[in-house]
Amino acid sequence: MTIQQFLVYLSLCAVCVLSKPTDKKDRVHHDPQLSDKVHDDAQNFEYDHDAFLGADEAKTFDQLTPEESKERLGKIVSKIDEDKDGFVTVEELRDWIKFAQKRWIYEDVERQWKGHDLNEDGLISWEEYKNATYGYILDDPDPDDGFNYKQMMMRDERRFKMADKDGDLIATKEEFTAFLHPEEYDYMKDIVVQETMEDIDKNRDGVIDLEEYIGDMYSHDGDADEPEWVKTEREQFVEFRDKNRDGKMDKEETKDWILPSDYDHAEAEARHLVYESDQNKDGKLTKEEIVDKYDLFVGSQATDFGEALVRHDEF
């Protein structure tokens with residue numbers, strides 16, 4: 001948890017102390033659905049529009065003529081073709097779909113980037129981040145709230161160093177994105193597991209037992225009766241989480257729990273779009289093949305692609 005996340009947490013504390021939580025805390029990281037629409041191309045292409053553009057962008061379609069839609073789709077295709085070889089592969093289309101679905105992540109990074117790149121050199125060093133985030137707090141060795149900000153800073157520094165691939169303690173925008181959203185990067189998954197275990201493992205024995213697992217989700221507050229979902233979670237721990245049946249979750253078992261190997265919906269949709277649009281069946285798409293099937297990708301409705309193109313360039 002970074003300091004920004006902690007401040008959000010503090011704002012919720014007043015609510016939390018007034019009522020016992022009845023909803024389960026979810027630490028599991030799932031890829032979001034590509035769309036809440038039914039995927040039935042025989043009826044319409046709304047699912048494909050949501051997947052290709054992101055649901056929020058797709059909702060703004062309402063004005064463009066087919067000609068205008070084709071023109072703007074052509075601009076999108078030029079951005080999807082990362083290696084500029086004139087073809088869009090399944091992999092390039094998959095990466096674009098994932099970008100469209102997780103645009104909020106890049107928006108969050110952009111907001112935080114402006115507040116931490118203090119010398120405006122297009123990079124963020126650890127010193128810049130530390131000074132912008134913790135500077136005024138560390139000046140007070142005994143904060144009123146009694147929270148150990150130094151410990152949080154050490155945790156952030158460890159994560160920053162993990163995200164910083166070349167070890168120079170200076171983050172590019174991609175490395176800063178990995179720092180802020182480590183669950184999105186394969187090379188950061190170990191730190192996600194480590195931080196989760198540190199949060200839940202109250203007795204510091206390096207594993208998560210059943211009571212620690214339940215305690216992270218639910219507080220009894222003196223009540224003997226547990227909600228049904230808590231009883232279900234106890235069963236889940238015994239039957240599925242604790243794979244070797246030793247009564248606790250180790251690092252690998254915790255990783256399997258919070259970072260499951262989900263079905264790759266983005267790749268499946270990319271393969272579907274290629275299959276439906278690939279006129280010469282060579283396994284890749286030209287701009288002409290995509291534009292010819294514009295109704296599958298975007299329809300003849302209006303959207304402002306410009307903002308999406310700018311953001312894709314930045315990341």
Pairing residues for Phe45 by the ring-ring contact (aromatic ring centres under 6.0 Å, His included) criterion, not counting sequence neighbours:
none
Quick one: ring pair (Phe, Tyr, Trp, His ring centres under 6.0 Å) pairs with a partner in residues 71-92, sequence neighbours left out?
none
Hey, is Lys98 close enough to Glu269 for a salt bridge, meaning N to O under 4.0 Å?
no
For Tyr47, which residues count as a ring-ring contact (aromatic ring centres under 6.0 Å, His included) partner, sequence neighbours excluded?
His39
Suppose we screen for side-chain hydrogen bond (donor to acceptor under 3.5 Å, both in side chains). Which residues come up paired with Lys165, at least two apart in sequence or across chains?
none
For residues 113-125, which residue pairs qualify under salt bridge (charged side-chain N to carboxylate O under 4.0 Å, His left out), counting only residues two or more places apart or in two chains?
none
Backbone N/O of Asp40 and side chain of Gln43: donor-acceptor pair under 3.5 Å
no
Trp113: which residues meet the ring-ring contact (aromatic ring centres under 6.0 Å, His included) condition with it, sequence neighbours left out?
Phe176
For Ser35, check side-chain hydrogen bond (donor to acceptor under 3.5 Å, both in side chains) against everything at least two apart and list the hits.
Asp50
Is it true that Arg241 and Glu253 make a salt bridge, defined as a side-chain N closer than 4.0 Å to a carboxylate O?
no
Considering residues at least two apart in sequence or located in another chain, which fulfil the side-chain hydrogen bond (donor to acceptor under 3.5 Å, both in side chains) criterion with Gln33?
none
What pairs of residues pass the salt bridge (charged side-chain N to carboxylate O under 4.0 Å, His left out) test when at least one of them lies in residues 270-287, not counting sequence neighbours?
Glu267-Arg271
Tell me, please, which residues at least two apart from Asp36 pass side-chain hydrogen bond (donor to acceptor under 3.5 Å, both in side chains).
none
Backbone of Gly247 reached by a side-chain donor or acceptor of Asp242 within 3.5 Å:
yes
Can you check whether Asp168's main-chain N or O pairs, donor with acceptor, with Asp164's side chain at less than 3.5 Å?
yes
Whether Trp96 and Phe52 hold their rings parallel, tilted or perpendicular, with breakpoints at 30° and 60°:
tilted
Side chain to side chain contact (heavy atoms under 4.5 Å, CB included) partners of Arg245, counting only residues at least two apart:
Glu239
For Leu123, which fellow cluster members are found when Ile, Leu, Val, Met, Phe, Trp and Tyr are connected by side-chain heavy-atom distances below 4.5 angstrom, either directly or through intermediates?
Ile170
